[in-house]
Amino acid sequence: MTALRRYVFGFLAVCTALAVGIALGTGPLRSDLVGAADTAQTSRVASSADARNSSRLSAAVTAGTADRLLHNTLSGRTVTVVVLPGAAHRTVTAMAAAVERAGALQPLVVHLMPGVVDPGKKTYVDSVARSALKHRPDVARTAGHDTYQRMGAVLARAYVGSGSRTAYDSESRDIDAELQGAKMVTLSQPPVRRGSFVVVVAPRPDGQGQYAAASQVIEAQLVTALAARSDGALLLSPPAVGNGHGDVGGEASLVAGWPLADRHTERLSTLNAVAGPASRVTAIYALLSASDGKPGDFGVFGRRVRLPAALTGSHH
């Protein structure tokens, strides 16, 4: 029996919660993009896309979850929320609250500073990562040779755990002090434990070209490094705005083009719908699916909605 099947859910509470999800999901959303000359048009397109995704996801979740409830699905778990530069504050706040409502301990929220994913700062990032690994051969052995694989390993040792190894120990404290001193991260509160589950909140892509693509490659390396050292991970990422007529990309922006097998090997699920209560319910179940060895790419893809098996009644 998988972990997902051990939970008991209540009909009335989920109907109430998801009714609110439908009501909120269909309203216009204020875009988080801050663009240049075409900011207003891009914002309208993004808002329309988010509203449509939220509405479709709410309808799909409501149809399949009459006997399910978020309560206690993460009971006793530890969760680290990693915030990539530019991610919407309201998405981070809502996701952290959903994690607590699901029964997890208060999540550790780690904000990565812009310099971490800036291709122009690679030399500095590399020096920080090497310094953090210098006297930690156990971490260095599995860190890899790329700058951002090393930085991912360093971040994971400070803020991510696995199984019962989630203590915020002296090594974690020392690395955290180095990272904060180097302006690599900021924390929402002093750490108590490292998260065995990781939720990465990503921004909508706000540019094109080689520089933006390089930043996304960096983010992808960091995400996979964190996921590999956790018990389960979720990438919560708005889809890219498409052709200017409200169409959106098929996959969450950071994972487009990633080898599917690699993502699933790392127990990494993705979700491309970020607005409304239904997205938070889906996010928690996507995270549980990843931890249960059944990760996937969930959300709204054109007119199709993909949900974790526990939200569809399908367990195969």
Could you verify whether a donor N or O on one side chain and an acceptor N or O on the other, from Y168 and D176, lie under 3.5 Å apart?
yes
side-chain contact (heavy atoms from CB on, under 4.5 Å) evaluation trace for S230 with R267:
CA-CA 8 Å; S230 72; R267 294 196 170 196; over 6 Å; no
For P295, is there any backbone N or O sitting under 3.5 Å from a side-chain donor or acceptor partner on S269?
no
Taking atom CG of L268 and atom OG1 of T224, what is their separation to the nearest 0.5 Å?
8.0 Å
Which residue, V79, V83, I284, forms the side chain to side chain contact (heavy atoms under 4.5 Å, CB included) with M95?
I284
Write down the atom of N272, the atom of F301, and the distance for their closest heavy-atom approach.
ND2-CE2, 3.8 Å
Salt-bridge criterion met for R306 and D297 (N-O under 4.0 Å)
no
Is R77 paired with E100 through a side-chain N to carboxylate O contact shorter than 4.0 Å?
no
Give the intermediate values and the outcome of side-chain contact (heavy atoms from CB on, under 4.5 Å) for residues V82 and V201.
CA-CA 6 Å; V82 177; V201 183; over 6 Å; no
Looking only at non-hydrogen atoms, find the nearest pair between A273 and L236 and report the distance.
O-CD1, 3.8 Å
Side-chain donor/acceptor of R304 to backbone N/O of V300, under 3.5 Å
no
Walk me through whether D146 and R150 qualify under salt bridge (charged side-chain N to carboxylate O under 4.0 Å, His left out).
CA-CA 6 Å; D146 179 85; R150 284 195 288 265; over 6 Å; no
Sidechain-backbone polar pair: Q189 side chain, P107 backbone, donor-acceptor under 3.5 Å
yes
Option among T142, D169, D138 that satisfies the side-chain hydrogen bond (donor to acceptor under 3.5 Å, both in side chains) test with R157:
D169
Which atoms form the tightest heavy-atom contact between A225 and A153, and what is the distance?
CB-N, 4.2 Å
Separation between CG of L179 and OG of S131, rounded to the nearest 0.5 Å
9.5 Å
Between CD1 of I218 and CG of D118, what distance do you get to the nearest 0.5 Å?
7.5 Å
Closest non-hydrogen atoms of A227 and A233, given as atom of the first, atom of the second and distance, are CB-CB, 3.6 Å
Closest non-hydrogen atoms of A143 and L133, given as atom of the first, atom of the second and distance, are CB-CD1, 4.0 Å
With a 3.5 Å cut-off and no angle check, do the side chains of S291 and D231 form a donor-acceptor pair?
no
Output for pair (L222 CG, Y148 OH), nearest 0.5 Å, gives 8.0 Å
Minimum heavy-atom separation for T147 and V125, please, with both atom names.
CG2-CG1, 3.9 Å
Group every Ile, Leu, Val, Met, Phe, Trp and Tyr by side-chain heavy-atom contacts under 4.5 Å, then state whether L187 and L112 land in the same group.
yes
Is there a side-chain contact (heavy atoms from CB on, under 4.5 Å) between L234 and F197? Walk through the geometry before answering.
CA-CA 8 Å; L234 169 68; F197 283 177; over 6 Å; no
Just jot down the salt bridge (charged side-chain N to carboxylate O under 4.0 Å, His left out) partners of R165, sequence neighbours excluded, or say none.
none
H89 vs T93, test: side-chain contact (heavy atoms from CB on, under 4.5 Å). Steps then yes/no.
CA-CA 6 Å; H89 175 73; T93 301; 3.3 Å; yes
Side chain to side chain contact (heavy atoms under 4.5 Å, CB included) involving T166 - partner list, sequence neighbours excluded
T78, R193, S196
Please check this pair: side chain of S215 against backbone of V117, looking for a donor-acceptor N/O pair closer than 3.5 Å.
yes
